[in-house]
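Structure record follows, encoded as structure tokens.
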Amino acid sequence: MQRIERSPGSVPEGAVVVFGGRSEIGLAIARRLAPDRTVVLAVRPGDTEAARRACLAAGAHAVLVVGFDADDTDAHPGLVARIEAQAGPIGVAVLAFGILGDQRLAETDPAEVVRILHTDFVAQASLLTVLADRLRPRGTGTIVAFSSVAGVRVRRANYVYGSAKAGLDGFASGLADALHGSGVHLVVARPGFVVGRMTAGMDPAVFASTPDQVADAVVERISRGSGVDLWIPWQLRVMFSVAPFVPRALWRRMPR
């Protein structure tokens, strides 16, 4: 197994892989990490030319586009192996895929519940496990998982999505502890409301951020090489520290 050396306070050497490579946050992170690296955009079928060109314009020496169906968990090990066969060892892996789903439909249709939970929790946990198992023997590398403040205390307005994020947050936090001392760094990012395509038409919540602001915070944490929990922006950590103490009668009226 090839070992990737890393200097303290630097981004791990190796390919940058974004699972969900057309997502606004994922692509923003890829652009920031692109200079002099191979960038891999793992995506569903569709046009990727704009994303590929954006990474090349940011300085990537090569950009590979590979097909990725997050919900096909049986394919995850083979996909990661193929990516490394083409691009070399992974230095940074960013899990930037996910769905909001239809909360109203999910309240009456169990299939929609399963769809949301599978993509936002089961598929994430599967891929995190594959990546951790791949990187651990090398003793280096960074994985970024996107949790959400929606999972800190689940709200009635989006409890299906929130419960998926709560499960992912617990899984990723536990995995980060399991990786402690291995040299592999797992970042659990908890952004609040992000203004972008995924939230188009919704009223922004307090302390909303943009994909670029989220990417800046994530890349800074990757470069630091330590610290699991990343609240974006940091003020949300203070706000949600009191969330468990809000009376249920008031909490159930909280908006999305």
Any donor-acceptor pair under 3.5 Å linking the side chain of [X] with the backbone of [Y]?
X    : Y    : answer
T129 : A125 : yes
R22  : V43  : no
S23  : G26  : yes
T210 : Q213 : yes
R37  : G14  : yes
D120 : I99  : yes

Do [X] and [Y] make a side-chain contact, defined as non-hydrogen atoms from C-beta onward lying under 4.5 Å apart?
X    : Y    : result
R104 : D109 : no
L64  : L41  : no
L27  : C55  : yes
P211 : V194 : yes
F97  : Q124 : yes
F19  : L131 : yes
I83  : Q86  : no
F171 : L128 : yes

To the nearest 0.5 Å, tell me how far [X] [atom1] sits from [Y] [atom2].
X    : Y    : atom1 : atom2 : result
S163 : L168 : OG    : CG    : 11.5 Å
T108 : L105 : OG1   : CG    : 5.5 Å
I232 : D216 : CD1   : CG    : 9.5 Å
R53  : T48  : CZ    : OG1   : 10.5 Å
H185 : R224 : NE2   : CZ    : 8.0 Å
E84  : L135 : CD    : CG    : 7.0 Å

Considering all heavy atoms of both residues, which atom of [X] and which atom of [Y] are nearest to each other, and what is their separation?
X    : Y    : result
P12  : V92  : CD-CG2, 4.0 Å
P191 : L236 : C-CD1, 4.3 Å
I25  : A215 : O-CB, 4.5 Å
R115 : D102 : NH2-N, 4.5 Å
R136 : L179 : NH2-CD2, 3.5 Å
A172 : V188 : CB-CG2, 3.8 Å

Problem set entry | Cationic N near anionic O, under 4.0 Å, R31 to D212 | yes
Exercise. Below 4.0 angstrom, N of the basic side chain to O of the carboxylate: do R156 and E107 qualify?
Worked result: yes
Exercise. Side chain to side chain contact (heavy atoms under 4.5 Å, CB included) between L33 and V219: does it pass, once the steps are laid out?
Worked result: CA-CA 8 Å; L33 297 176; V219 171; 3.9 Å; yes
For this session: Assign the ring pair H76 / F68 to parallel, tilted or perpendicular, where the plane angle (0 to 90°) is split at 30° and 60°.
Result: tilted
Exercise. For atom NE2 of H180, is the number of surrounding heavy atoms from other residues, nucleotides or ligands below 6.0 Å larger than 12?
Worked result: no
Exercise. Yes or no on side chain to side chain contact (heavy atoms under 4.5 Å, CB included) for Q103 and Y161, after CA distance, side-chain angles and deciding distance?
Worked result: CA-CA 8 Å; Q103 170 68 31; Y161 172 80; 5.7 Å; no
Problem set entry | salt bridge (Lys or Arg N to Asp or Glu O under 4.0 Å) contacts touching residues 162-175 (sequence neighbours left out) | D169-R190
Problem set entry | D71/H118 under side chain to side chain donor-acceptor pair (under 3.5 Å): CA gap, chis, key distance, verdict | CA-CA 7 Å; D71 290 318; H118 195 274; 3.0 Å; yes
Problem set entry | Verdict with supporting geometry, L117 and V122, side chain to side chain contact (heavy atoms under 4.5 Å, CB included) | CA-CA 7 Å; L117 295 180; V122 175; 5.6 Å; no
Exercise. When V40 is tested against each of V17, V63, V16 for side-chain contact (heavy atoms from CB on, under 4.5 Å), which residue passes?
Worked result: V17
For this session: Treat each ILVMFWY residue as a node, draw an edge where side-chain heavy atoms are under 4.5 Å apart, and state whether V214 and V187 are in one component.
Result: yes
For this session: In sequence, state the C-alpha distance, the side-chain angles, and the governing distance for I90 and R134, and then conclude on side chain to side chain contact (heavy atoms under 4.5 Å, CB included).
Result: CA-CA 9 Å; I90 295 171; R134 195 90 181 178; 5.8 Å; no
